[in-house]
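Single-structure report; data block below.
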Amino acid sequence: MNPTRRTVLVAATAAALAPALPEVAAAAPRSGAATPPYASYWYPDSFPAGSPGPGVTWRSLRNWRAADDADLAFNAASVPLAPRFTPTPANTTARTGQARVQALVSFGPTSANPSQGAATADHYALTHWSYLDELVFWGGSAGEGLILAPNAPVVDAAHRHGVPVLGNVFLPPVAYGGQLQWTRDLVRKDASGHCPLADRLVAVAAAYGFDGWFVNAETGGGNTALGSAMLGFVQELKILAAARGQRVTWYDAMTVNGTVSWQGALNSQNEAFFQAADDMFVDFRWSAGTLAASGTRADRLGRGRYALWAGVDVESNGSGTPVDWDAMVPAGKPHTTSIGFYRPEWTRNHLPADRRAPEDFHAADDRFWSGRSLDPSRPDPADPWRAPAVSVADRSTVTSLPFASVFNTGHGLRWYEEGAVTSDRPWNHLGLQDRLPARRWVVRTSGQRPAVSFDFADAWRGGNSVLVAGALDGPAEVDLYATRLPIAVNTVVELTYRGEAGEVNVELAVATGEPTTAGTAPPYTYLPVNPDDKACRVKTVNGWQTARLALTGLSGTVHALGVRLTAGAGPVRWRLGGIAVRDTVTTPSAPSGARVTAANGGDLRLAWHAAPGTVRHYTLHRLLPDGTRRFLGATGQCAFFAAALEPEQQEKAARFELRAVGELYNASAPVTVTHPW
């Protein structure tokens, strides 16, 4: 492919996405006023000639200070990077400890990545985190800014699944507006011989709570002196980043002599940069021979071959992209390198505008990550697309109590609370995404396999549920979570579900050990979910049933959770709305100091102090004079932007109720905020 094509596509993608995000396209000047907050972006120091375009604010990273950052409260991640483990693989081809997977993803235009989601369900709601090892928040353009910090929703969702997120430093080719002065600005040293912007990048990542930087220097025209200065910059950045637990990934573009020449390999032209960084993205022009030589070279350097991400450009054709998989992740031999996906958000972007419903996106995304069989335990050997689930073992972060999930994917057509619609507006906010089932979808049955999917027509909480639909002419066992949850005498599992068609007998599947070999089922024990059984306490709310089952007779550690469904009459449509494992229930403490910090008509900025203890997120409702409550939104941060509010029912002041929501989705007492009109 044209070596610069992928760089200009950041701008092209921005134009393509703008119609899908009308509420953020015309961004107001970024300030402490009541304006929508966005992910931050900068130039190293100097700006282009002319003036910024509509909705764009030019900023200098050299001048950034956390204390002066009016949007910091909206952009700072709230979820720490979770530790994760590798369960026994779902199939015999997936490897542990070999190839890893990196993804370079553009979630939106550089200047219009909302800090707290947006009022549309049409969004790249990435959910297959269990196969990912590193996410790059891809972006940057000559006309907006070159350094892009990831927004809080993406970082929170990734961290919940144990995936580090990197911001992007993009120095574009001259043909697409790049200026060599920007490279010089980035690597400039001060009087003490240090690189101030290396320190500034690390400070940004620490303040915002993400995990480091992806450095992509593609502006041509440099010389050996500039190459040497860039190497010194990366070395200093790596030292400073490592001291704060951050990472640095280098992109195979600039060489040691300062020119831009994509190698498609690890060799003498880029080895010094690879050694200076944590790992390197190998440009797309690799071959079987250059990858093999690169892996050998990395091993010889003591770095290991899996610190090389072999680039796979999937922006245009996604799961239809032809790839020499045997050169990278051969089926019968150790993997050669890791995998670096460029722009897997194809799974959303290729869909026609009239077929971008959440279900359409997830169908394409499952095809990309799980393979044509849509069952990681049964890969299709004839599938030309070797999905990550075929080669890479999934990981899990479900290791402590309490654990709960309502299978929230981070977007939806409506917002539900206990089975009732409390907002009929489409939405997206990845920071509200749950820890999701990794193996979508492993189903074991001797009969016809039912369809299993995330479905957005109904939900217990959030925006979606899990729908199982089909004839069910034999018992069907659906894997949900690999876990490491301790069992105590009072540990219970709660399952929330509802039937829509047919009759189905439900059993909770609990395994207290690992499968004997890869590709085999967990050693499940089946606990009947029977409303007539005194051992199974069931309550019904808004048509949803919640069954509480004690793990009587089981001990040790829960290694896997699932459900087994047996039809009494069919065909069956059955929804799973939530699952929780707990021993005790603690009511969250309320936040404090809630206040309106800026107002512009009906646009308000609110802020508060974090509630003590563990908080999943905060919800904000508007309390109307007639006593009804209207859901406004939720966020993991301690700040919220409410847009276009108006006085209602002759009220003199708007009243808001803020609550902290705990890990079990139980809420704190409300805190009231009043804003006079």
Say whether, by atom type as modelled, one donor and one acceptor occur between the side chain of [X] and the main chain of [Y] under 3.5 angstrom.
X	Y	answer
Ser465	Gly577	no
Ser453	Asp455	no
Arg356	Asn349	yes
Thr397	His161	no
His429	Gly410	no
Arg595	Gly593	yes
Glu134	Ala103	no

ask   = Please walk me through it: do Thr619 and His621 pass side-chain contact (heavy atoms from CB on, under 4.5 Å)?
value = CA-CA 7 Å; Thr619 59; His621 291 77; 3.9 Å; yes

Which atom names give the shortest non-hydrogen contact between [X] and [Y], and what distance separates them?
X	Y	result
Ala158	Val165	CB-CG2, 3.3 Å
Leu148	Ala39	CD1-CB, 4.5 Å
Pro44	Leu186	CB-N, 3.9 Å
Ala149	Phe210	CB-CE2, 3.9 Å
Phe74	Ala152	O-CB, 3.6 Å
Leu606	Phe656	CD2-CD1, 4.3 Å

With no hydrogens and no angle check, just 3.5 Å: does a side-chain donor-acceptor pair link [X] and [Y]?
X	Y	answer
Trp213	Asn168	no
Asn75	Ser115	yes
Ser130	Arg439	no
Ser141	Tyr41	no

task = Start with the C-alpha distance between Gln637 and Asp156, add both sets of side-chain angles, then the distance that settles side-chain hydrogen bond (donor to acceptor under 3.5 Å, both in side chains), and finish with yes or no.
result = CA-CA 10 Å; Gln637 284 54 59; Asp156 283 349; 3.0 Å; yes

What residues form a ring pair (Phe, Tyr, Trp, His ring centres under 6.0 Å) with [X], not counting sequence neighbours?
X	result
His362	His411, Phe454, Phe456
Phe85	none
Phe403	Tyr481
Trp415	Trp427, Phe631

remark   = Quick note, salt bridge (charged side-chain N to carboxylate O under 4.0 Å, His left out) partners involving residues 661-671, not counting sequence neighbours, are Arg435-Glu663, Arg616-Glu663

message = Once salt bridge (charged side-chain N to carboxylate O under 4.0 Å, His left out) is applied, what residue pairs with a partner in residues 404-423 remain, sequence neighbours excluded?
response = Glu418-Arg461

task = Run the numbers on Arg200 and Asp45 for salt bridge (Lys or Arg N to Asp or Glu O under 4.0 Å), then give the verdict.
result = CA-CA 12 Å; Arg200 199 58 44 81; Asp45 191 2; over 6 Å; no

key: With sequence neighbours excluded, residues passing side-chain contact (heavy atoms from CB on, under 4.5 Å) with Ala157   = Trp129, Leu430, Gln433

ask   = For Asp626, which residues count as a side-chain contact (heavy atoms from CB on, under 4.5 Å) partner, sequence neighbours excluded?
value = Leu624, Thr628, Gln649

key: Qualifying residues under salt bridge (Lys or Arg N to Asp or Glu O under 4.0 Å), relative to Asp603, sequence neighbours excluded   = none

key: salt bridge (Lys or Arg N to Asp or Glu O under 4.0 Å) partners for Asp211, two or more places apart   = none

query = Do Tyr124 and Phe361 pass the ring pair (Phe, Tyr, Trp, His ring centres under 6.0 Å) test, and can you show the C-alpha distance, the side-chain angles, and the key distance before you say yes or no?
reply = CA-CA 8 Å; Tyr124 180 61; Phe361 158 69; 5.7 Å; yes

Would you mind reporting whether [Y] and [X] have side-chain heavy atoms less than 4.5 Å apart?
X	Y	result
Val538	Thr546	no
Tyr618	Pro591	yes
Thr491	Leu401	yes
Leu432	Thr635	no

query = Where do Arg62 and Leu197 land on the side-chain contact (heavy atoms from CB on, under 4.5 Å) test, with the steps shown first?
reply = CA-CA 6 Å; Arg62 182 179 65 85; Leu197 292 193; 4.0 Å; yes

Residues Phe407, Trp460; criterion ring pair (Phe, Tyr, Trp, His ring centres under 6.0 Å); working and verdict = CA-CA 9 Å; Phe407 309 103; Trp460 171 242; over 10 Å; no

request  = Evaluate the side-chain contact (heavy atoms from CB on, under 4.5 Å) criterion for residues Leu645 and Leu604: first the C-alpha distance (whole Å), next the side-chain angles of each, then the deciding distance (0.1 Å), finally the verdict.
outcome  = CA-CA 8 Å; Leu645 302 179; Leu604 308 180; 4.0 Å; yes

query = Roughly how far, to the nearest 0.5 Å, is the OG atom of Ser40 from the CG atom of Asn113?
reply = 10.5 Å

Check this for me: does any side-chain nitrogen of one of [X] and [Y] sit under 4.0 Å from a carboxylate oxygen of the other?
X	Y	answer
Arg84	Asp394	no
Arg498	Asp458	yes
Arg160	Asp434	no
Glu144	Arg59	no

request  = Show your reasoning for whether salt bridge (Lys or Arg N to Asp or Glu O under 4.0 Å) applies to Asp133 and Arg395.
outcome  = CA-CA 10 Å; Asp133 290 88; Arg395 275 66 54 88; 3.1 Å; yes

What side-chain donor-acceptor pairs closer than 3.5 Å can you find for residues 582-589, not counting sequence neighbours?
residue : atom : partner : partner atom : Å
Arg582  : NH2  : Glu494  : OE2          : 3.1

message = Using the rule given for salt bridge (Lys or Arg N to Asp or Glu O under 4.0 Å), can you reason through Arg348 versus Asp360, listing the C-alpha separation, both sets of side-chain angles and the distance that settles it, and then say yes or no?
response = CA-CA 8 Å; Arg348 169 201 176 268; Asp360 299 320; over 6 Å; no

message = Please verify the inter-ring angle class for Phe137 with Phe107; under 30° counts as parallel, over 60° as perpendicular, anything in between as tilted.
response = parallel

ask   = What side chain to side chain donor-acceptor pair (under 3.5 Å) pairs are there with at least one residue in residues 650-659, not counting sequence neighbours?
value = Arg622-Glu651, Arg629-Glu657, Glu651-Trp677, Glu657-Arg659

key: side-chain contact (heavy atoms from CB on, under 4.5 Å) between Leu480 and Ile579, intermediate numbers included   = CA-CA 10 Å; Leu480 293 175; Ile579 189 170; 4.3 Å; yes

